[in-house]
Amino acid sequence: MSGRPAEPATDPPLLLGWREWLCLPELGLAAIQAKVDTGARTSTLHAFYVDPFRRGGAPWVRFGVHPLRGRTDVVVHSEAAVIDHRQVADSGGHREPRYVIHTPLRVAGQEWPIELTLTNRETMLFRMLLGRTAVAGRAIVDPDRSYLTGRRPARGRRYANL
């Protein structure tokens, strides 16, 4: 997949606020707070380390995520196949090379595949940005509202070490 939006859902569009709690089940992320950012083309996930390797001749990455802001004691280690390695401009216009992975997103009982770039967002307010290609044809964003799909999951359902 090369930046094209996923096939639109046949259900009515999901209504999202400007920030939501999401799940990335294949990456072991049971709950991560994301800023829904229609100004960003690509979705981005916080990774405080990214180690490339090869599996069966194909490029993969291992990476670590601090899914909860201010909680460096909560760590999720993941692996994913690399689908691209591209230059991405951040909000300040600075360009950097980033690995791109493909993974399912789950929110409000719905699930669909998205692309994510990996970069260190330790100093940012949100550990994830959900960009416009991830929501195109699937969701409508109300920029005046938050958490339209529900509040933070109960402690026991998020991460084992909480």
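Although no hydrogens or angles enter the test, the distance criterion places no donor-acceptor pair under 3.5 Å between the side chain of Arg55 and the main chain of Ala58. Put simply, the side chain of Glu20 gets close to the backbone of Gly17: a donor and an acceptor are under 3.5 Å apart. No donor-acceptor pair closer than 3.5 Å links the side chain of Trp112 to the backbone N or O of Val135.
Closest heavy-atom contact between Ala108 and Leu14: CB-CD1, 3.7 Å. In plain terms, the two heavy atoms of Val61 and Pro52 that are nearest each other are CG1-CA, 4.0 Å. Here the closest non-hydrogen pair linking Leu118 and Ala47 is CB-CB, 4.2 Å. Nearest heavy atom pair, residue Ala80 against residue Ile101, reads CB-CG2, 3.8 Å. Contact detail for Thr149 and Trp21: the closest heavy-atom pair is OG1-O, 4.1 Å. Between Arg121 and Leu45 the shortest heavy-atom distance is CD-C, 4.4 Å.
Scanning for ring pair (Phe, Tyr, Trp, His ring centres under 6.0 Å) contacts around His46 gives His66, with sequence neighbours left out. By the side-chain hydrogen bond (donor to acceptor under 3.5 Å, both in side chains) test, Arg62 pairs with Glu79, sequence neighbours left out. Under the side-chain contact (heavy atoms from CB on, under 4.5 Å) criterion, Asp142 pairs with Leu15, Asp144, Arg145, Leu148, not counting sequence neighbours. Residues satisfying the side-chain contact (heavy atoms from CB on, under 4.5 Å) test with Pro143, not counting sequence neighbours, are none. Residues passing the side-chain contact (heavy atoms from CB on, under 4.5 Å) test with Thr123, sequence neighbours excluded: none. Judged as a salt bridge (Lys or Arg N to Asp or Glu O under 4.0 Å), and not counting sequence neighbours, Arg19 has no contacts.
The side-chain heavy atoms of Arg86 and Thr42, taken from C-beta on, include a pair separated by under 4.5 Å. You'll find the side chain of Val65 stays beyond 4.5 Å of the side chain of Met128, heavy atoms only.
Interatomic distance, CD1 of Ile140 versus CG of Leu16, reported as 9.5 Å (0.5 Å rounding). Taken from OG1 in Thr44 to CZ in Arg127, the straight-line distance is 13.5 Å, to the nearest 0.5 Å. The line from CG of Leu105 to CZ of Arg138 is 9.0 Å long, rounded to the nearest 0.5 Å. The CG atom of Leu130 sits 4.5 Å away from the OG atom of Ser43 when rounded to the nearest 0.5 Å.
A single hydrophobic cluster is not seen to contain both Ile83 and Val88; linkage of ILVMFWY side chains at heavy-atom distances under 4.5 Å, directly or through other members, places them apart. At a threshold of 4.5 Å between side-chain heavy atoms, the hydrophobic network of Ile, Leu, Val, Met, Phe, Trp and Tyr places Ile114 and Val50 in one connected group. Follow the hydrophobic side-chain contacts under 4.5 Å out from Val82 and you reach Phe63 in the same cluster.
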Let me have the donor-acceptor pairs involving side chains of residues 23-30, under 3.5 Å, with sequence neighbours excluded, atom names and distances please.
none

Tell me which donor-acceptor pairs under 3.5 Å the side chains of residues 31-40 have, and how far apart each pair is, sequence neighbours excluded?
from, atom 1, to, atom 2, distance (Å)
Gln33, NE2, Tyr147, OH, 2.2
Asp37, OD1, Gly39, N, 2.9
Asp37, OD1, Ala40, N, 3.4

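Counting only residues at least two apart or on different chains, the ring-ring contact (aromatic ring centres under 6.0 Å, His included) pairs with a member in residues 71-92 are Tyr49-His77, His85-Tyr99. A salt bridge (charged side-chain N to carboxylate O under 4.0 Å, His left out) check over residues 91-111, counting only residues at least two apart or in different chains, returns the pairs Glu96-Arg98, Arg106-Glu111.
Its side chain within the 4.5 Å cluster rule, Phe126 clusters with Trp18, Leu125 among the Ile, Leu, Val, Met, Phe, Trp and Tyr residues. Membership of an apolar cluster is not assigned to Leu129, as no side-chain contact below 4.5 Å to another ILVMFWY residue is traced.
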